[in-house]
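I have placed the structure first, in the form of structure tokens, so that the comments after it can refer back to it.
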Amino acid sequence: MPLHHPKHRHHHDEDVLPYHRSDDEAKPRRPYAPSSFPSPASPASPHRLLLLFAVVCLLLAVASLSFAVSVSLRPAPLQPPPASVAFRCGRVEDSLRSFLASSRNYSAADREKVLAVVGVHTELGSADRRAALRATWFPPNPEGIVSLEHGFGLSFRFVIGRTKDKEKMADLQKEVDLYHDFLFIDAEESTKPPQKMLAYFKAAYEMFDAEFYVKADDTIYLRPDRLAALLAKDRPHHRTYVGCMKKGPVVNDPNMKWYESSWGLLGNEYFSHASGALYALSSQVVGALATAKNDSLRMFDYEDVTIGSWMLAMNVNHEDNRAMCDSACTPTSIAVWDSKPCSGPCNPIEKIKGLHNTTLCSKSPTLPPDVEEEE
């Protein structure tokens, strides 16, 4: 009868091998000494399977260790330099923060928080004007822009579109690489001014969390400190439109200057609107423009009229400030420029430099806002 029959099982019979014994297995056996590998002809025992598994794991571990050592001893492959952080969204790009991010330990939020972003609108062929501004009131280098931002809360950029002319873009890129003070908008240089202005406000709102968004021409002489004092005032209205307000007749003769092709919608006289040389819109106003579809806003032939029409539709508060359009420097001038076309040859570059050399323009102290109001 087989030894594994239940009637003859002992309490230690659980350890017997799982195969039938021969008749002579009752004889004393030699101690079990497994070989390295089980014979193919004989069934494998659990102990042998466990040993085989352990050996395989050991071989894999040795192979993995050898591979790791060999890899660590190889010379590291050359890695391409990390791409510089670009503060951009589509075709919109802030060249200053892109430069700061790639050149130093600089970090900033996606939308940089400032009192106001001042976009000085310029064109591809206006390098001389930009040079004149950098030589006078516009910060001449990235350090100056950052310093002015920390001091007054104003962040300055030259605002410009792009062109498909590769030669012109190459020339512009040289200037960008030298000064890093441009805000590229999602518009071609040939785009009409109203569309370019909407592209600017969308770009500025995308890049900056500002209380005001300012548009300036590259033909004005500006006092940044006084502009900051004006914009920092407490206002009861959150939707505000600040500038030199004006009116005028609507020109309906196509042979005359300032002809307005949509004159039939305007009547005989323009509504009150700010001069296009310098004006500011509060954050809520620009936020609404930034989310509007381009084709949902009516565009007139001129930027200042177009912006003024949007302000009427949005029911914003019009704040008229004559210090933003002085024709000569005064102790309270915020911006100086010619509101009327000059009769003879005009050279805005020389005028800006001449104004800067005038003590009343460049060196007179900034008066407190309450003193400005009294005068």
Side-chain angles (χ1 to χ4, degrees), residues 87 92 94-101 104 106-121 133-134 136-159 179-183 185 200-218 220-243 274 277-287 289-290 316-317 319 321 323-324 332-336 361-373:
F87 291 85
V92 174
D94 180 358
S95 68
L96 175 65
R97 285 196 290 163
S98 294
F99 167 72
L100 294 177
R104 65 186 71 181
Y106 173 85
S107 61
D110 292 338
R111 296 179 71 228
E112 187 173 7
K113 189 170 183 61
V114 293
L115 170 63
V117 51
V118 183
V120 180
H121 287 247
L133 266 56
R134 293 190 189 100
T136 54
W137 61 266
F138 193 99
N141 49 48
E143 291 75 17
I145 296 176
V146 173
S147 177
L148 197 61
E149 183 178 306
H150 291 168
F152 296 112
L154 304 182
S155 195
F156 285 84
R157 300 291 189 279
F158 283 112
V159 177
Y179 296 104
H180 312 285
D181 53 8
F182 285 87
L183 175 64
I185 61 176
Y200 159 63
F201 285 123
K202 286 178 179 287
Y205 192 80
E206 181 74 31
M207 293 291 176
F208 296 89
D209 178 10
E211 295 183 32
F212 282 92
Y213 298 82
V214 180
K215 183 264 177 171
D217 281 347
D218 61 0
I220 69 172
Y221 185 86
L222 182 69
R223 282 289 297 258
D225 51 346
R226 293 176 185 168
L227 177 62
L230 170 67
L231 299 180
K233 291 181 180 180
D234 290 330
R235 290 176 171 83
H237 304 281
H238 295 292
R239 295 196 301 265
T240 305
Y241 175 34
V242 188
L278 178 66
Y279 59 89
L281 304 181
S282 62
S283 179
Q284 283 195 10
V285 176
V286 177
L289 294 178
V316 304
N317 179 60
E319 185 176 315
N321 192 303
M324 297 174 73
T332 60
S333 297
I334 295 175
V336 180
C361 276
S362 61
K363 296 182 174 60
S364 59
T366 302
L367 298 181
D370 55 343
V371 175
E372 294 183 20
E373 290 176 356

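Just so it is clear, the model here is predicted, and its values are computed rather than measured. The figures here come from the full heavy-atom set of this structure, side chains too, leaving out hydrogens, waters and symmetry mates.
- Residues forming a salt bridge (charged side-chain N to carboxylate O under 4.0 Å, His left out) with R239 (at least two apart in sequence, or on another chain): none.
- Here the side chains of L154 and V214 are not in contact, with every heavy-atom distance at 4.5 Å or above.
- Y179 is not listed as a side-chain neighbour of P142, based on a closest heavy-atom distance of 4.5 Å or more.
- Side-chain contact between L230 and N321 is present, with heavy atoms from C-beta onward closer than 4.5 Å.
- Here Y279 pairs with E303 under the side chain to side chain donor-acceptor pair (under 3.5 Å) rule; sequence neighbours left out.
- Considering every non-hydrogen atom in both W137 and I220, the closest pair reads NE1-O, 3.0 Å.
- For S333, the side chain to side chain donor-acceptor pair (under 3.5 Å) partners two or more places apart in sequence, or in a different chain, are D326, T330.
- To the nearest 0.5 Å, atom CD of residue E112 and atom CG of residue D94 are 7.5 Å apart.
- For D225, the side chain to side chain contact (heavy atoms under 4.5 Å, CB included) partners two or more places apart in sequence, or in a different chain, are F152, R223, T366.
- Under the 4.5 Å side-chain criterion, counting only non-hydrogen atoms from C-beta, Y221 is not in contact with L133.
- Residues satisfying the side chain to side chain donor-acceptor pair (under 3.5 Å) test with D217, not counting sequence neighbours, are K215.
- Minimum heavy-atom separation, R226 to T332: NH1-C, 3.7 Å.
- Using a 4.5 Å heavy-atom cutoff, the side chains of S282 and Y241 are not in contact.
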Worksheet entry | Test ring-ring contact (aromatic ring centres under 6.0 Å, His included) applied to F138 and F158, step by step | CA-CA 10 Å; F138 193 99; F158 283 112; 4.1 Å; yes
Worksheet item: When you look at V114 and E211, which way does the side-chain contact (heavy atoms from CB on, under 4.5 Å) test go after all the steps?
Response: CA-CA 7 Å; V114 293; E211 295 183 32; over 6 Å; no
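- The side chain to side chain contact (heavy atoms under 4.5 Å, CB included) search around H238 returns Q284, not counting sequence neighbours.
- Checked against side chain to side chain contact (heavy atoms under 4.5 Å, CB included), Y205 has the following partners two or more places apart in sequence or in another chain: R111, Y213, S283, V286, A290.
- Listed by chain and number, the residues in a side chain to side chain contact (heavy atoms under 4.5 Å, CB included) with S147 amount to none (sequence neighbours excluded).
- With sequence neighbours excluded, no residue satisfies ring-ring contact (aromatic ring centres under 6.0 Å, His included) with F201.
- The salt bridge (charged side-chain N to carboxylate O under 4.0 Å, His left out) search around R235 returns E319, not counting sequence neighbours.
- Taken to the nearest 0.5 Å, the CG atom of L115 stands 12.5 Å off from the CZ atom of F208.
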Practice prompt. Step by step, work out the side-chain contact (heavy atoms from CB on, under 4.5 Å) result for I185 and V159.
Written response: CA-CA 7 Å; I185 61 176; V159 177; 3.6 Å; yes
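- Residues P139 and L148 share a closest heavy-atom pair of CG-CD2, 3.7 Å.
- When all heavy atoms are compared, the tightest approach of D181 to S95 is N-OG, 3.5 Å.
- A search for ring-ring contact (aromatic ring centres under 6.0 Å, His included) contacts involving F212 returns nothing, not counting sequence neighbours.
- Every side chain to side chain donor-acceptor pair (under 3.5 Å) that S155 has, sequence neighbours left out, goes to E149, R157.
- Nearest heavy atoms, G243 versus A274: CA-CB, 4.0 Å.
- Residues L281 and V316 are not in side-chain contact: their nearest non-hydrogen atoms beyond the backbone lie 4.5 Å or more apart.
- Closest heavy-atom contact between L227 and L222: CD2-CD2, 4.2 Å.
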Worksheet item: Under the side-chain contact (heavy atoms from CB on, under 4.5 Å) criterion, do M207 and V92 qualify, and how do the steps go?
Response: CA-CA 9 Å; M207 293 291 176; V92 174; 3.7 Å; yes
